[in-house]
> 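A single structure is presented below for examination.
Just so we're on the same page: letters track the sequence lines, and every chain starts at 1. In this text the structure is predicted, and so the values were computed from the model without any measurement. Just so you know, these numbers use all the heavy atoms, side chains as well, and skip hydrogens, waters and symmetry mates.
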Amino acid sequence: MAAPATPVVTDGELLTRYLGGDERSAAELVARHTVALARYLAVQGAPDEDLDDLVQESFIRAFRGAHGYRSEASFRTWLLTIGSNLLKDRRRQAARRNVIRLVPEVADPAVDPAGEAEAAILADRLQAGLGRLAPLQREVFLLRAHEGAGYGEVAAALGISEGAARVHYHHAVKRLKQWLSD
Amino acid sequence: MAERLNDELPEELARALAAADQRAAASAQRVDPAAVAAAVSAALRRPAVTARPASEVGWWLRVAAAAALVVAGSIAVRAALQSGAPVEAAAQPSALPLHSAAVLDSVADSAGAWVMASLEAVPVSVVDSAVSGSALLLEDLSEVELRALLQAMESTEESQ
C-alpha cells in the first residue's frame with residue numbers, strides 16, 4: 001500500500017505560521033522563492049554584486065509587512081513587486097548621489113565574435129527599454145510577460161484594476177517593440 | 001467582428017526577453033538561498049529600524065502638486081465632454097472592451113489615463129525614481145521631481 005503523500009503547505013499558510021511565530025516557515029518561503037526573486041531583479045538590470053542584498057532586503061520587507069499581504073495575489077507575485085520597488089528605491093538613492101547608471105551599456109558585437117553578442121545586445125536593449133518605461137508599465141509587463149501572471153493577479157498585486165493592467169501591458173509591449181526595432 | 005488584442009509578444013520582443021531571462025537566470029544561480037534565509041532570519045530577530053522622517057520637500061509643494069492633479073484631471077474631463085467623447089467610459093478602462101487594441105490605444109487619450117501620460121512626459125529618470133509600483137506617492141518625490149511633474153502638467157494644461 002502506497003504511503004500517503006505529504007500535503008504541500010501553501011505559501012499563504014507558511015506566512016500565517018510565520019506571523020504566529022514560526023521562524024522555520026519564513027525560512028521555507030525564502031528557500032522557495034529566492035532564485036525566482038533574484039532572477040526577476042536581474043532581468044530588470046540589478047547588478048550581480050547587489051543581488052544578494054536586494055533579495056535579503058526584499059524578504060525582510062515582505063515579512064515585516066506580512067500583515068499587508070492580500071491573498072488575491074500569490075505570495076510570489078507580491079514578493080516580486082516588493083523587490084521591484086526596492087530596486088527602484090536603490091536606484092533613486094544612487095541617482096541622487098550620481099553613482100549608478102540607470103541604463104546598461106550595450107554590448108559591442110566586435111568584442112564577442114562567437115555570435116552570442118546578438119543575444120546580449122537584445123538583452124541589453126530590452127533592459128534599456130524597460131528602464132525607459134513608466135514604473136507601473138514596467139511592473140505590469142514583467143509580471144505578465146516574464147512571470148506569466150494573469151491580469152487579475154497583476155492587478156491585485158499592484159493595487160490597480162484589471163482593466164488598467166491590460167492598458168499598461170498593451171502600451172508597454174507597444175513601446176518596447178518600437179524601441180527594439182529602432 | 002471586433003479586433004482582438006494579441007496577447008502574445010512580438011517575435012523580437014519575445015527573443016529579447018528570453019535572452020535577458022537567460023542572463024538573469026545565470027546571475028540568480030549565484031545567490032545562495034540558505035545564506036539568504038540565515039541573513040533574513042537574523043535580521044527579523046532584530047527590531048525594525050524606524051522609518052526615516054518625511055523628505056524635506058516643502059509641504060506647500062505637495063499641496064500644489066495634489067491641487068494641480070485635481071485641476072488638470074478636471075480640465076481633461078471637461079475637454080472630453082466638449083469633444084462629445086464618452087467621458088465616463090473613457091475614464092474607466094475597466095468598462096471598455098479591452099480585448100480591442102484600438103480601444104486600448106484610445107484609452108491613452110482619456111481622462112483616466114491622463115496622469116499616466118503626464119508622468120510619461122516627464123523624463124523617465126525622474127519618474128522612475130519617483131513613482132512607486134502601486135501608487136503615486138507625492139511624499140516620495142523630491143523637490144526637483146515635484147517641480148518637473150508640475151511643469152509637465154502645466155504644459156499639458158496650456159495645450160487643452
Side-chain angles (χ1 to χ4, degrees), chain A residues 23 26-27 30-31 34-43 46 48 51-52 55-56 59-60 63-64 81 84-85 88 91-92 95-96 102 119-120 122-123 125-127 129 131-137 139 145-146 158-164 166-168 170-171 173-174 176-177 180-181, chain B residues 5 7 9-10 12-41 43-45 48 92-96 98-99 101 104-105 107-108 112-113 116 119-120 124-125 127-136 140 142 145:
Chain A
E23 288 188 358
V30 172
T34 286
V35 174
L37 174 59
R39 190 168 178 163
Y40 189 71
L41 293 171
V43 86
D48 284 2
L51 271 183
D52 277 285
V55 168
Q56 288 172 23
F59 275 111
I60 292 168
F63 289 124
R64 289 200 168 132
T81 60
S84 286
N85 285 334
K88 215 158 33 200
R91 283 174 167 166
R92 174 176 48 183
R96 284 178 177 158
L102 298 179
L122 267 180
R125 289 174 65 189
L126 175 66
Q127 285 181 349
R132 294 166 68 181
L133 287 176
L136 196 50
Q137 280 186 354
E139 198 68 48
H146 186 259
L158 298 178
I160 61 177
S161 69
E162 192 170 323
R166 289 179 181 274
V167 171
H168 285 303
H170 172 75
H171 284 290
V173 169
K174 193 174 170 183
L176 288 171
K177 178 184 172 185
L180 284 176
S181 61
Chain B
L5 172 65
D7 226 4
L9 294 177
E12 190 177 19
L13 181 51
R15 285 194 293 122
L17 186 59
D21 181 64
Q22 190 174 22
R23 190 162 66 183
S27 297
Q29 289 302 321
R30 299 187 200 107
V31 179
D32 179 5
V36 171
V40 170
S41 294
L44 290 176
R45 287 189 208 107
Q92 298 176 3
S94 59
L96 296 170
L98 290 171
H99 53 268
L104 282 166
D105 281 335
V107 169
M116 186 173 78
L119 286 173
E120 288 163 359
V124 173
S125 60
V127 174
D128 190 65
S129 63
V131 181
S132 77
S134 60
L136 175 59
D140 286 340
S142 69
E145 290 157 352

> So Arg30(B) and Asp48(A), side chain to side chain contact (heavy atoms under 4.5 Å, CB included) or not? Walk me through it.
CA-CA 8 Å; Arg30(B) 299 187 200 107; Asp48(A) 284 2; 2.5 Å; yes
> Measure the spacing between CZ of Arg23(B) and CG of Leu122(A) and express it to the nearest 0.5 Å.
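Reported to 0.5 Å precision, the distance equals 10.0 Å.
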> Can you see which heavy atom on Val36(B) is nearest to which on Val30(A), and at what distance?
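Looks like CG1-CG1, 3.6 Å.
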> Taking only residues two or more places apart in sequence or in another chain, which ones pass side chain to side chain donor-acceptor pair (under 3.5 Å) with Glu23(A)?
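So Glu23(A) forms a side chain to side chain donor-acceptor pair (under 3.5 Å) with Arg45(B).
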> Can you see which heavy atom on Arg64(A) is nearest to which on Ala43(B), and at what distance?
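Heavy atoms of Arg64(A) and Ala43(B) come nearest at NH2-O, 2.8 Å.
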> If you tally heavy-atom pairs under 4.5 Å against chain A, which of Asp21(B), Val31(B), Asp32(B) wins?
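With the most close heavy-atom pairs to chain A, the winner is Asp21(B).
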> On a heavy-atom basis, which atom in Ala42(A) and which in Ala24(B) lie closest, and how many Å separate them?
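Here Ala42(A) and Ala24(B) meet closest at CB-CB, 3.6 Å.
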> For Ala28(B) and Leu51(A), work out which heavy atoms get closest and say how close.
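Answer, listing the atom of Ala28(B) first, then Leu51(A): N-CD1, 4.4 Å.
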> Which pair of heavy atoms, one from Pro33(B) and one from Ala31(A), lies closest together, and at what distance?
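Nearest heavy atoms, Pro33(B) then Ala31(A): CB-CA, 4.4 Å.
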> Looking at residues at least two apart in the chain, or sitting in another chain, which of them share a side chain to side chain donor-acceptor pair (under 3.5 Å) with Ser41(B)?
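Per chain and number, Ser41(B) pairs via side chain to side chain donor-acceptor pair (under 3.5 Å) with no residue.
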> With chain B as the partner, which of Leu37(A), Leu176(A), Ile60(A) has the greatest number of non-hydrogen pairs under 4.5 Å?
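Among Leu37(A), Leu176(A), Ile60(A), the one with the most close pairs to chain B is Ile60(A).
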> Tell me, out of Ala18(B), Ala39(B), Ala20(B), who's got the most heavy-atom pairs with chain A below 4.5 Å.
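Among Ala18(B), Ala39(B), Ala20(B), the one with the most close pairs to chain A is Ala20(B).
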> Counting heavy-atom pairs closer than 4.5 Å to chain B, which one of Ala145(A), Ala36(A), Ala26(A) comes out on top?
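Of Ala145(A), Ala36(A), Ala26(A), Ala145(A) has the most heavy-atom pairs under 4.5 Å with chain B.
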> Need one label for Gln29(B): side chain, backbone, both or neither, based on atoms under 4.5 Å from any heavy atom in chain A.
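Contact with chain A involves the side chain of Gln29(B) alone.
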